[in-house]
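Sequential numbering from 1 along the given sequence is applied to the chain's residues.
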Amino acid sequence: MTHDCGFLSELSLAADQISFEPAARDEFAADFGTPPDAGRAPDAVVWPETTADVSAVLAAANERGVPVTPYAAGSGMQRNAVPTQGGITLAMTRMDAVRDLRPRDMQVDVEPGVVGDDLNDLVAEEGLFFPAFPQSAAFSTIGGMIATDASGIRTVKYGEVGDWVLQLEVVRPDGSVTEVGSKARKTSAGYNLVDLFVGSEGTLGVVTRATLDLAATPPETVGGRAVFPTLEDATAAITDVVTSGVDVATIELVDPLTAEIANAYTGSELRATPMVFFEVHGRSVDAETDALEAAFRARDATRVEHSSNDEEMAELWRARREIGHALKEWDPDLDLEVIGDVTVPIGSYPAIVEFIGEIRAEYDFPIPAFGHAGDGNTHYAVLCDRDDPEAVERAHEASGRIIDEALALGGTCTGEHGIGVGKRSYLQMEYDSTAIETMRSIKETVDPNGILNPGKIFE
């Protein structure tokens, strides 16, 4: 369905803030995880520069029943920002100001288009950092991270992005502007509306300002990797480290196939063997690193190497850091059809990784497993030939089996990428009908006309 968005020209927006041109619209038809034939261009693109701009667009669109889809950096994996029903895309990248940095409060107020690494570069001058950013922080934005409640390699120590959000300014679907949360580090005043909007994937409101908590930069950091003879040894070592209370900031798994793919992309000559990447932050890093190494050696690690030198750490981590791009470039005859991010309780982490291996053998697809192991989060990818419909169907069947197993182990279908379009059916499996109805009733109350990012989360 095509929507008449000509009314946008009647709003108080500059000419360069609106485009109806096909080339501009096509830029917002897909995100990172969108298959080639699953994109959808909006009917118009708006680049808001102020909260008032966002409010005006939403109010006018709501009156006319025109869908509006917020779009951040396009790094999403589940088509969260694809305008599946057309209408207007709100491209939030021009709202990229750091409004206020308060070092004594360890807080910062930012607009949604601020890029993660840019923020950390700024606050580093005050001895601060935002620890919960995902691996994509070099290009992903705060607004997109809040929308999906993103998390990254340091979740095991610092938690998710949402855990560091104190206050939000949000424009509701009818154009009204509200402020939720508090600049106080804790509050018991009323419902926790911050957490309602965090992770809502742009279906309840558009974030136009966020107050973020910050952490002091660790006085010492050690990073490195350990090599194991078997995947079973590596996953058991990860569980041992977490359950024994070692104060690890990051602990990541790379299975042999992932190592092979990363090596091909980076030109590394590392052996394609199970690896565990880690970081330790704090004032007693030597003691914690020794405890970490002891746990690895107890599980037959063949090599453990680490460094406190930034350049050396970056080189040690290179294979893990480049996986996202490596997956797309690995085999010209195979496509990245499925990107999964299941999470299970830490005690079941070895079981889910082993199950992925069983699915790989049964379906005979390359299915690399890797990810944020310390919080039980396993990323996997299913590569197949998209020109073969049967292969595509089997790839999704294989992924579904993995999700089913994660749910059976007490886990979730998505640890950080969100539901979007790709996992709507699994949400129905993860929650009972009453929980789903509660979610739907919130959506219908806040957005009765259903204009804000329709087609996401719910079937």
Side-chain angles (χ1 to χ4, degrees), residues 1 3 31 33-34 38 40 42 54 57-59 61-72 76-90 143-150 160-162 165 168 170-178 180-181 190-207 341-343 396 400 403-404 406-407 410-459:
M1 178 179 179
H3 297 271
D31 61 14
T34 305
R40 166 70 188 268
V54 176
V57 172
L58 285 178
N62 190 55
E63 290 177 2
R64 296 162 175 81
V66 175
V68 179
T69 301
Y71 196 102
M77 301 293 187
Q78 295 297 332
R79 289 181 275 166
N80 317 73
V82 176
T84 55
Q85 296 183 23
I88 301 164
T89 283
L90 274 182
M145 296 178 202
I146 290 173
T148 58
D149 194 10
E160 301 172 295
V161 166
V165 177
L168 295 173
V170 181
V171 183
R172 292 175 27 151
D174 63 359
S176 60
V177 182
T178 186
V180 298
Y191 295 155
N192 188 345
L193 296 182
V194 169
D195 279 358
L196 180 65
F197 289 104
V198 171
S200 64
E201 302 185 32
T203 62
L204 299 179
V206 180
V207 172
D341 69 320
V342 295
T343 305
H396 285 275
I403 294 172
D404 289 344
L407 296 177
T412 177
C413 66
T414 174
E416 58 185 42
H417 295 162
I419 296 297
V421 175
K423 290 188 175 178
R424 291 178 302 186
S425 62
Y426 298 108
L427 187 72
Q428 316 291 322
M429 298 167 57
E430 187 165 333
Y431 294 107
D432 63 32
S433 59
T434 303
I436 297 295
E437 179 54 35
T438 302
M439 294 183 198
R440 285 186 180 277
S441 67
I442 292 170
K443 168 67 172 174
E444 291 167 2
T445 298
V446 176
D447 184 17
N449 293 329
I451 68 149
L452 200 50
N453 207 8
K456 312 299 166 55
I457 301 181
F458 305 111
E459 293 277 17

R172 side chain vs L58 backbone, donor-acceptor pair below 3.5 Å
no
Nearest-0.5 Å distance, CZ of residue F458 to CD1 of residue I419
9.5 Å
Partner set under salt bridge (charged side-chain N to carboxylate O under 4.0 Å, His left out) for K423, not counting sequence neighbours
D341
What's the verdict on side chain to side chain contact (heavy atoms under 4.5 Å, CB included) for V82 and V421, showing C-alpha distance, side-chain angles and the deciding distance?
CA-CA 9 Å; V82 176; V421 175; 5.9 Å; no
Can you run down the salt bridge (charged side-chain N to carboxylate O under 4.0 Å, His left out) pairs that involve residues 436-458, sequence neighbours left out, and say none if there aren't any?
K443-D447
Working to the nearest 0.5 angstrom, can you tell me the gap between T203 OG1 and I442 CD1?
10.0 Å
Is it the case that the side chain of E430 and the backbone of T412 share a donor-acceptor pair, with hydrogens and angles ignored and the cut-off at 3.5 Å?
no
For P454, is there any backbone N or O sitting under 3.5 Å from a side-chain donor or acceptor partner on T84?
yes
Exactly one of R79, Q78, M77 clears side chain to side chain contact (heavy atoms under 4.5 Å, CB included) with D31, and that residue is R79
Can you run down the ring pair (Phe, Tyr, Trp, His ring centres under 6.0 Å) pairs that involve residues 411-446, sequence neighbours left out, and say none if there aren't any?
H379-H417
Let me confirm one number: the CD-CD1 distance from E160 to I146, rounded to the nearest 0.5 Å.
13.0 Å
Starting at CD1 of I403, measure out to OG1 of T414 and round the result to the nearest 0.5 Å.
8.5 Å
Can you measure from CD (Q85) to CD1 (I451) and round to the nearest 0.5 angstrom?
11.5 Å
Between CG of N453 and CG of N80, what distance do you get to the nearest 0.5 Å?
8.0 Å
Is the backbone of R64 close enough, under 3.5 Å, to the side chain of H3 for a donor and an acceptor to pair up by distance?
no
